[in-house]
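In this text, all values refer to a predicted model and were calculated from it rather than measured experimentally.
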Protein chains: 2
Amino acid sequence: MIERENINFQLREIDEHLKAAISVDCVIFGYDQSELKVLTLECNMAPYVGMPSLIGDLVNEDENLDQAATRILYERTGISDIFLEQVKAFGETDRHPLERVVTIAYYALIKVDEFKNDNGALRQHQAKWSPLNQLEEMAFDHRLILESSLHLLRKRLIEYPLWMKLLPKYFSLPDLQNLFEAILGTTLDKRNFRKKISNLELVREVGKMQKDVPHRPAKLYAVNEKKLKKDFSFLLQNPFIN
Amino acid sequence: MIERENINFQLREIDEHLKAAISVDCVIFGYDQSELKVLTLECNMAPYVGMPSLIGDLVNEDENLDQAATRILYERTGISDIFLEQVKAFGETDRHPLERVVTIAYYALIKVDEFKNDNGALRQHQAKWSPLNQLEEMAFDHRLILESSLHLLRKRLIEYPLWMKLLPKYFSLPDLQNLFEAILGTTLDKRNFRKKISNLELVREVGKMQKDVPHRPAKLYAVNEKKLKKDFSFLLQNPFIN
DNA sequence: TTTCTTAGTGTATTTGGTACACTATCTAAA
DNA sequence: TTTAGATAGTGTACCAAATACACTAAGAAA
């Protein structure tokens, strides 16, 4: 009797109770050597027709949340083995017009040109890169989800070298600084930035120079894979942080 | 036609698809002038019978996630108007033995003696304060949820004065240091701790002394409400952080 | 050869964190 | 009343990291 009561207490009338659809929304940030962008679809659901929406999908029965996010990222961009991190859950009662849908937001950061828009499913749905400042109005609560995700991305950029896959094999320090400035939305002092990067020991000179630039060429660097594996192996091996 | 396809894409076959129960698990940390504890129930569901579990409940149809967490905290402890923050969502497919249940974890930090175990529903279910080091085995994935929540609590303790409601009206600096040490699980240097507290300007001397202690009495302090409202009003007014 | 453009460099200051040991005050017991 | 025990309270020196700030160097193009 006691036991039965407790079961009910811990999973109160599970069959009669609210069951919600569970979705994952991926905030896929892209960097293209100039600007931070987000991958969006054009929403076709009233009352949000025509507004940009994030890329999301329902969670399948046989996958956990991280797996769903990984699948969605792969299905929509062709990218796998990338760092994906959960932002948080969003569960307003009216956040979806048709039904109660609780969504779990994830973010990822990729090179814009790694995403090829020749994928049938995506072309059909007009996925495109939207610059952040053009996204004032979004479908559902996606503007809020975007802001929370951007906030987390910016915190993480300083803690973890999320940028390591965003640049070509060889890059200059001004390239790297532009990347930071685009993502953080600020300008940075050149000397202090270089001092900090130098202290991290995450890049190494490769003894080459930029070519075909109409000004003084910059020295080229590459990611220091040894240091990266030593200090941040979780970013490479395991796409999830707990 | 295009429109119909897109609706399906964005909410793929919503009626046929996975619907999960949504629960909220509250990690209610308590401090009692000596030790950090967590409020737990004794689980009665196989295969976890007898193990401690966190305090959770299913989310109602008419409440969002934050409201559900607030309700659960209130129902189980009688406490409202306290800072509650979402930790993250946990959604392993097999995390619940009966059914797919996605849970959203929240944490709160309260005084142990604010929770009176004379609430009928709770007494019936043996809610009790468990010291953290006695919680190696827990029901479901609650050990993982506890660890994630503790990690966040410790980060927040340094960023935000979550401790302001945990001490009596008048307290000594050694009291405050004990609180920090209990929550962080470390010892702290007395002089450096006092320097830091002093810089924060969050406590003020009240010109009184401890009484009836068998040693040199300490000066008493109180929370500096002005500074708290100025810098951390969100901790008082709005129980949620975005 | 001059001009334009971007690359590259160092120092001084401040701030925050850390390491560290002795004196002061009260109670209780001898 | 003296002494022992317990806890309160205090300051300085060092180091690391963040910040502010301005000129010279190298190449391309005119």
Phosphate oxygens OP1/OP2 of C/dC26: is one of them under 4.0 Å from a side-chain N or O of B/Lys219? no
Between atom CZ in B/Phe193 and atom P in C/dG16, what is the gap in whole Å? 17 Å
Between C/dG8 atom C1' and A/Gln177 atom CD, what is the distance in whole Å?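 Interatomic distance, CD of A/Gln177 to C1' of C/dG8: 12 Å.
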One would report the end-axis bend of the helix from C/dT1-D/dA30 to C/dA30-D/dT1, five pairs per end and rounded to 10 degrees, as 20°
Rounded distance [0.5 Å steps], CG in B/Leu135 versus OG1 in B/Thr40: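 The OG1 atom of B/Thr40 is 6.0 Å from CG of B/Leu135, to the nearest 0.5 Å.
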Check nucleotides 22-28 of chain D against the protein and report each pair of N or O atoms closer than 3.5 Å, with its distance, or say if there are none.
from: D/dA22; atom 1: N1; to: A/Arg191; atom 2: NH1; distance (Å): 3.2
from: D/dA25; atom 1: N3; to: A/Arg216; atom 2: NH1; distance (Å): 2.8
from: D/dA26; atom 1: O4'; to: A/Arg216; atom 2: NE; distance (Å): 3.3

Can you tell me if A/Tyr221 and A/Asp175 form a side-chain donor-acceptor pair at under 3.5 Å?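 Note: A/Tyr221 and A/Asp175 side chains miss the donor-acceptor criterion.
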Which part of the nucleic acid does B/Asn199 contact within heavy-atom distance under 4.0 Å: base, sugar-phosphate only, or nothing? nothing
Nearest heavy atoms of B/Val112 and B/Gly30, plus distance in Å: CG2-C, 3.6 Å
Presence of donor-acceptor pair under 3.5 Å, side chain of A/Lys195 and base of D/dT19: yes
Close aromatic pair by centroid cut-off 6.0 Å: A/Phe90 and A/Phe140: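 Between A/Phe90 and A/Phe140, the centre distance exceeds or equals 6.0 Å.
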Quick one: which of A/Tyr74, A/Trp129, A/Tyr31 gives a ring-ring contact (aromatic ring centres under 6.0 Å, His included) with A/Phe115? A/Trp129
Enumerate the ring pair (Phe, Tyr, Trp, His ring centres under 6.0 Å) contacts for residues 182-208 of chain B, please, sequence neighbours excluded, ordered by first and then second residue. B/Phe180-B/Phe193
Chi angles and distances behind the salt bridge (Lys or Arg N to Asp or Glu O under 4.0 Å) call for B/Lys155, B/Glu159: CA-CA 7 Å; B/Lys155 276 207 309 190; B/Glu159 296 171 332; 5.9 Å; no
Side chain of A/Ala218 only, please: which of C/dA7, D/dG9, C/dC20 is the nearest?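 Selected nucleotide (nearest to the side chain): C/dA7.
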